[in-house]
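Here the structure is laid out as structure tokens; the discussion comes afterwards.
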Amino acid sequence: MAVTYLMLARLPEGGLDAFDAYEGAVLPLLAEYGGILERRLRTLDDQVEAHLITFATSEDLAAYRADPRRCAAAPLLESSGA
């Protein structure tokens, strides 16, 4: 049974570039784990972003989250302040 997750990120002033770099590194990895980015929405003021992501199983999400390339990109997410 497929599982859909909602991710919300609040982006502080000055954090957008690092957040975009993080997403550029990790979103392409979704497909390797059967993940599908269903929707990606950002407010007009660039302060909040929402993702609807579907995986076939919760184990697929866990494998995606454990991917070493995703973990290597974590400092970008941290520096974004999201």
Looking at [X] and [Y], what are the two nearest heavy atoms and their distance?
X: Pro75; Y: Cys71; value: CD-O, 4.0 Å
X: Phe55; Y: Leu30; value: CZ-CD2, 3.6 Å
X: Arg65; Y: Arg70; value: O-NH1, 3.3 Å

Do the non-hydrogen side-chain atoms of Tyr33 and Glu59 ever get within less than 4.5 Å of each other?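 No, every pair of side-chain atoms sits at 4.5 Å or beyond.
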
Leu29 with Leu27, same ILVMFWY side-chain cluster at under 4.5 Å: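 Yes; tracing contacts between hydrophobic side chains, which count when under 4.5 Å, links both residues.
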
Under the rule for side chain to side chain donor-acceptor pair (under 3.5 Å), what residues qualify as partners of Ser79, not counting sequence neighbours?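 Partners of Ser79 under the side chain to side chain donor-acceptor pair (under 3.5 Å) test: none.
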
Thinking salt bridges, do Glu32 and Arg69 make one under a 4.0 Å N-O criterion?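 Yes, charged N to carboxylate O under 4.0 Å.
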
Check residues 2-20 and write down every donor-acceptor pair under 3.5 Å in which the side-chain atom is one partner and the other belongs to a residue at least two apart or another chain.
{"unit_1": "Thr4", "atom_1": "OG1", "unit_2": "Thr54", "atom_2": "OG1", "d": "2.8"}
{"unit_1": "Asp20", "atom_1": "OD1", "unit_2": "Arg42", "atom_2": "NH2", "d": "2.6"}

